[in-house]
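The first residue in the sequence is number 1, and the count goes up from there. Heavy-atom basis, side chains included; hydrogens, waters and symmetry copies ignored.
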Amino acid sequence: MSKKDPTAAPALRVVTAAPPRWKTRWSRPLGRVLDHVVYRTIVVGRKHVPADGPVIFAGNHLSYLDGPVMVGAANRYMHVMVRHDMFKGFLGWVLAASGQIPVNRAGDRAALQQAKTVLDRGDCVGILPEGTRGTGDAAAMNGGVAWLALNSGAVVVPVAILGTRVGNEHRDTIPKPRRHLHVVFGEPLKIEREPGVSGRVSMDRATEKIRRRLAAHIEAATAATGQDLPADDHLTSKHKGQ
């Protein structure tokens with residue numbers, strides 16, 4: 001039997017099972033404290049969220065706060081897909097304990113399978129499909145949200161999250177307490193496979209369909225609320241890709 005090298009780095013633990021729904025029971029109350037005690041959040045469009053059945057909440061991405069703000073604003077419990085390297089220290093414990101799903105943006109089939117399992121049991125998943133913090137206009141997005149919609153049958157609810165970053169604030173900025181935020185839920189979108197086309201083409205078309213719907217929803221939400229999207233803050237190479 002070979003001896004274990006004491007200097008070797010510990011192996012990463014790969015989580016394959018979907019988080020249980022009971023873990024989300026305290027994440028939404030915490031989100032509501034963030035929304036309505038720490039900040040002043042106006043929520044519009046909850047009527048568009050189906051009362052039951054699987055739902056994918058697809059929100060734009062401006063700030064570190066977008067996920068928890070969306071959780072607190074929704075009228076359904078959800079498991080949010082969060083960048084895997086956020087699962088460290090106390091924050092990592094909170095994310096894991098509240099049932100969030102770690103995802104590696106470089107490609108993470110296991111995370112998508114976990115999210116699909118959540119949807120297959122009739123629960124909800126939150127995703128920020130732009131993948132990185134930016135101006136939040138949904139000019140581009142990854143294909144994970146389309147894959148989930150096509151393979152689970154869940155509807156996609158577009159979510160405009162506004163005010164978590166404004167003007168020329170840096171992407172790492174955490175807004176000061178009592179700022180006015182807006183969360184606007186849009187009408188659900190059903191995504192279905194197109195007959196006679198390949199899986200890759202169907203995925204690409206579904207991704208673009210969701211992107212256009214989210215982009216149009218964000219534009220309408222900014223006009224209705226008067227809350228503009230932030231400017232691009234021209235990150236240095238140290239922060240690009242985060």
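With rounding to the nearest 0.5 angstrom, the CE atom of M141 is 12.5 Å from the NE2 atom of H61. Taken to the nearest 0.5 Å, the CG atom of L128 stands 6.0 Å off from the CD1 atom of I161. S63 contributes atom OG, which lies 12.0 Å from atom CG of L162 (distance to the nearest 0.5 angstrom). Rounding to the nearest 0.5 Å gives a distance of 11.0 Å between NZ of K116 and CD1 of I56. The structure places OG of S98 at 13.5 Å from CZ of R28, a figure rounded to the nearest 0.5 Å. Note that CZ of R213 and CD1 of I191 are 8.0 Å apart. Values are rounded to the nearest 0.5 Å.
Taking 4.5 Å as the limit, every side-chain heavy atom of L30 sits out of range of all side-chain heavy atoms of P68. Annotation: side chain of V125 is not in contact with side chain of F57 (no heavy-atom distance under 4.5 Å). Residues V145 and T207 form no side-chain contact, since every pair of their non-hydrogen atoms from C-beta on lies 4.5 Å or further apart. Side-chain contact between P19 and Q114 is present, with at least one heavy-atom pair separated by less than 4.5 Å. The closest side-chain heavy-atom distance from R109 to W147 is below 4.5 Å. Between I42 and L181, every side-chain heavy-atom pair lies at or beyond the 4.5 Å cut-off. No side-chain heavy atom of L189 sits under 4.5 Å from any side-chain heavy atom of V155. Using a 4.5 Å heavy-atom cutoff, the side chains of E130 and D137 are in contact.
Cation-pi contact between R21 and Y77: absent, since separation from the ring centre below 6.0 Å together with deviation from the ring axis within 45° is not met. No cation-pi contact links R46 to F185, judged by a cut-off of 6.0 Å to the six-membered ring centre and 45° from its axis.
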For the pair L229 and L62, evaluate side chain to side chain contact (heavy atoms under 4.5 Å, CB included) and give the outcome as yes or no after the intermediate values.
CA-CA 8 Å; L229 294 173; L62 310 175; 4.3 Å; yes
Begin with the C-alpha distance, continue with both residues' side-chain angles, and end with the deciding distance and a verdict on side chain to side chain contact (heavy atoms under 4.5 Å, CB included) for V94 and W26.
CA-CA 10 Å; V94 171; W26 64 277; 4.0 Å; yes
Would V71 and M78 count as a side chain to side chain contact (heavy atoms under 4.5 Å, CB included) here? Give the steps.
CA-CA 7 Å; V71 167; M78 73 176 84; 3.9 Å; yes
Evaluate salt bridge (Lys or Arg N to Asp or Glu O under 4.0 Å) for E219 paired with R212, printing each intermediate quantity in order.
CA-CA 11 Å; E219 184 177 3; R212 290 198 307 266; over 6 Å; no
Can L148 and M81 be said to form a side chain to side chain contact (heavy atoms under 4.5 Å, CB included), step by step?
CA-CA 12 Å; L148 286 172; M81 302 186 77; 4.1 Å; yes
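Here the closest heavy-atom approach between residue H170 and residue R165 is recorded as O-CD, 3.0 Å. Considering all non-hydrogen atoms of both residues, V69 and D35 come closest at O-OD2, 3.0 Å. The minimum heavy-atom distance between A154 and V55, with the atom names listed, is CB-N, 4.2 Å. The nearest pair of heavy atoms linking V118 to A18 is CG2-CB, 4.1 Å. Listed here is the closest heavy atom pair of I218 and G136: CD1-O, 3.3 Å. Of all non-hydrogen atoms in L214 and A58, the two that sit nearest each other are CD1-O, 3.6 Å.
Side chain of Y39 to backbone of V33: no donor-acceptor contact under 3.5 angstrom is found. Counting only distance, with no hydrogens or angles, the side chain of T173 and the backbone of E169 share no donor-acceptor pair below 3.5 Å. Put simply, the side chain of H48 never gets that close to the backbone of V184: no donor and acceptor are under 3.5 Å apart. Checked by atom type and distance alone, the side chain of R193 never pairs as donor or acceptor with a backbone atom of S202 at under 3.5 Å. For N142 (side chain) and P129 (main-chain N/O), a donor-acceptor pair under 3.5 Å exists by modelled atom type. No donor-acceptor pair closer than 3.5 Å links the side chain of R171 to the backbone N or O of Y64. For T24 (side chain) and S27 (main-chain N/O), no donor-acceptor pair under 3.5 Å exists by modelled atom type.
Linking ILVMFWY residues whenever their side-chain heavy atoms come closer than 4.5 Å, directly or via other members, leaves L150 and V201 in distinct clusters. V44 and V49 fall into different hydrophobic clusters, where Ile, Leu, Val, Met, Phe, Trp and Tyr residues are linked whenever their side-chain heavy atoms come under 4.5 Å apart, directly or through other members. No single ILVMFWY cluster, assembled from side-chain heavy atoms under 4.5 Å apart, contains both V103 and F87. Residue I101 is not grouped with residue L95 when hydrophobic side chains (ILVMFWY) are merged at heavy-atom distances under 4.5 angstrom, including chains of intermediate members. Criterion: ILVMFWY side-chain heavy atoms under 4.5 Å apart, direct or through other members. Under it, V43 and V80 are part of a common hydrophobic cluster.
Around the NZ atom of K47, the shell of radius 6.0 Å holds no more than 12 heavy atoms that belong to other residues, nucleotides or ligands.
Exactly one residue among N60, T164, D66, D172 makes a side-chain hydrogen bond (donor to acceptor under 3.5 Å, both in side chains) with R133. That residue is D172.
A salt bridge is absent between E208 and R205: the closest approach of a Lys/Arg side-chain nitrogen to an acidic carboxylate oxygen does not fall below 4.0 angstrom.
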